[in-house]
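Counting starts at 1 for both ligands and their atoms, following the listed order. Only a predicted model underlies this, so the values are computations on that prediction, with no experimental measurement involved. When reading the values below, keep in mind they use all heavy atoms of this one structure, side chains included, and skip hydrogens, waters and symmetry mates.
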Amino acid sequence: MTNKLLVIPAALAAGLAVTPALAVHEPRVEPEHPAPEYAVECPEGTADAGACKVDQLTYDGWKTFKIECQQCHGGGAMGSTFAPNLMVRFNEDGVDYGRFLYVMNHGYTGHTGAMPSMEKNPRVQKNKDALYAYLKARADGRLPNGRPPKPE
Ligand code: HEC
């Protein structure tokens, strides 16, 4: 009882009151440039990325995700038994570009499990912005699951 009364004001003071889950999603870095953007065009109502057109950045992100992340986070980042759905983390838990960059380089252990650091993974380092663009397109509901066609 007493504990709870002490914990709540501490969380308020830290500015975490708005989204209590945010505690897991700190710290973040201050990005050096604005968040990378994706370009995706899909026929209305399609449930297959194969029907869409994507830019090179988003395509590279999809490809990198498939090689480096899918084994834990599931196809299309929809989650598995041991790693979370990343669309939910982006949309409901406040994962933004700064948090994403932090997680890529440092990894962290949260309530679900351990996210490994990707600091020494050259493919991930080279494709960080591509990964973010792909995941953001997924989280924004602009890119369905599946393999997007390679841009011309
Ligand atoms: C070995 C399994 C594994 C791999 C591989 C992996 N992840 Fe994770 N990741 C996790 C787990 C587990 C969590 C959740 C940790 C928690 O919150 O408890 C997580 C969390 C995250 C988060 C959420 C951060 C937050 O603050 O909530 C992001 C973003 C993320 N991973 C991106 C990626 C990307 C991008 C890749 C590929 C480059 C990747 N992960 C590869 C296991 C993995």
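- Taking Lys66 as the reference, Trp62, Gln70 meet the side-chain contact (heavy atoms from CB on, under 4.5 Å) condition, with sequence neighbours excluded.
- Of the candidates Tyr108, Tyr134, Tyr102, it is Tyr108 that places a heavy atom closest to atom 15 (C) of ligand 1.
- The shortest N or O to N or O distance between Glu68 and ligand 1 is not under 3.5 Å.
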Check the pair Phe65, Leu131 against side-chain contact (heavy atoms from CB on, under 4.5 Å), reporting the backbone distance first and the verdict last.
CA-CA 6 Å; Phe65 185 86; Leu131 279 165; 3.9 Å; yes
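- Short contacts between ligand 1 and Gly110, defined as distances under 4.0 Å to a heavy atom of the residue, involve ligand atoms 16 (C), 17 (O), 18 (O).
- Under a cut-off of 6.0 angstrom, the local environment of NZ in Lys63 is sparse, with at most 12 non-hydrogen atoms contributed by other residues, nucleotides or ligands.
- The same ILVMFWY cluster, assembled from side-chain heavy atoms under 4.5 Å apart, contains both Leu86 and Tyr97.
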Could you give the side-chain donor-acceptor pairs of residues 47-56 under 3.5 Å, partners two or more places apart or in another chain?
unit_1 : atom_1 : unit_2 : atom_2 : d
Asp48  : OD1    : Gly50  : N      : 2.8
Asp55  : OD1    : Ala39  : N      : 3.4
Asp55  : OD1    : Thr58  : N      : 3.2
Asp55  : OD1    : Thr58  : OG1    : 2.4
Gln56  : NE2    : Asp60  : OD1    : 3.0

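- Vertex atom 8 (Fe) of ligand 1; arms to His73 atom NE2 and Met115 atom SD; angle 180° (nearest 10°).
- Considering backbone and side-chain atoms alike, Pro84 places every N or O at 3.5 Å or more from each N or O of ligand 1.
- Rounded to the nearest 0.5 angstrom, Glu32 CD and Leu101 CG are separated by 9.0 Å.
- The shortest separation from a heavy atom of Val95 to ligand 1 is under 4.0 Å, placing the residue in contact.
- Every atom of ligand 1 with a heavy atom of His111 under 4.0 Å away is listed here by number and element: 16 (C), 18 (O).
- Atom CZ in Arg123 sits 4.5 Å away from atom CD in Glu68 (nearest 0.5 Å).
- Here is the list of ligand 1 atoms found below 4.0 Å of a heavy atom in Phe82: 12 (C).
- Taking the ring centre of Tyr108 as origin, the terminal cationic atom of Arg99 falls inside the region bounded by 6.0 Å and 45° from the ring axis.
- Atom numbering of ligand 1 starts at 1 in the shown order; those under 4.0 Å from a heavy atom of Val124 are 38 (C).
- When the heavy-atom distances from atom 32 (C) of ligand 1 to Met104, Met118, Gln125 are ranked, the shortest goes to Met104.
- Residue Tyr132 places every heavy atom at 4.0 Å or more from ligand 1.
- By the 6.0 Å contact criterion, CD on Gln71 is enclosed, its count of non-hydrogen atoms from other residues, nucleotides or ligands being greater than 12.
- If you number the atoms of ligand 1 from 1 as listed, the ones under 4.0 Å from a heavy atom of Thr112 come out as 16 (C), 18 (O).
- Under 4.0 angstrom from ligand 1, there are no non-hydrogen atoms of Asn121.
- The side chain of Pro116, and not its backbone, has at least one atom closer than 4.0 Å to an atom of ligand 1 (non-hydrogen atoms only; side chain from C-beta on).
- Under the 4.5 Å side-chain contact rule for hydrophobic residues, Val124 and Tyr102 share a cluster.
- Checking only distances, Arg99 does come within under 3.5 Å of ligand 1, N or O to N or O.
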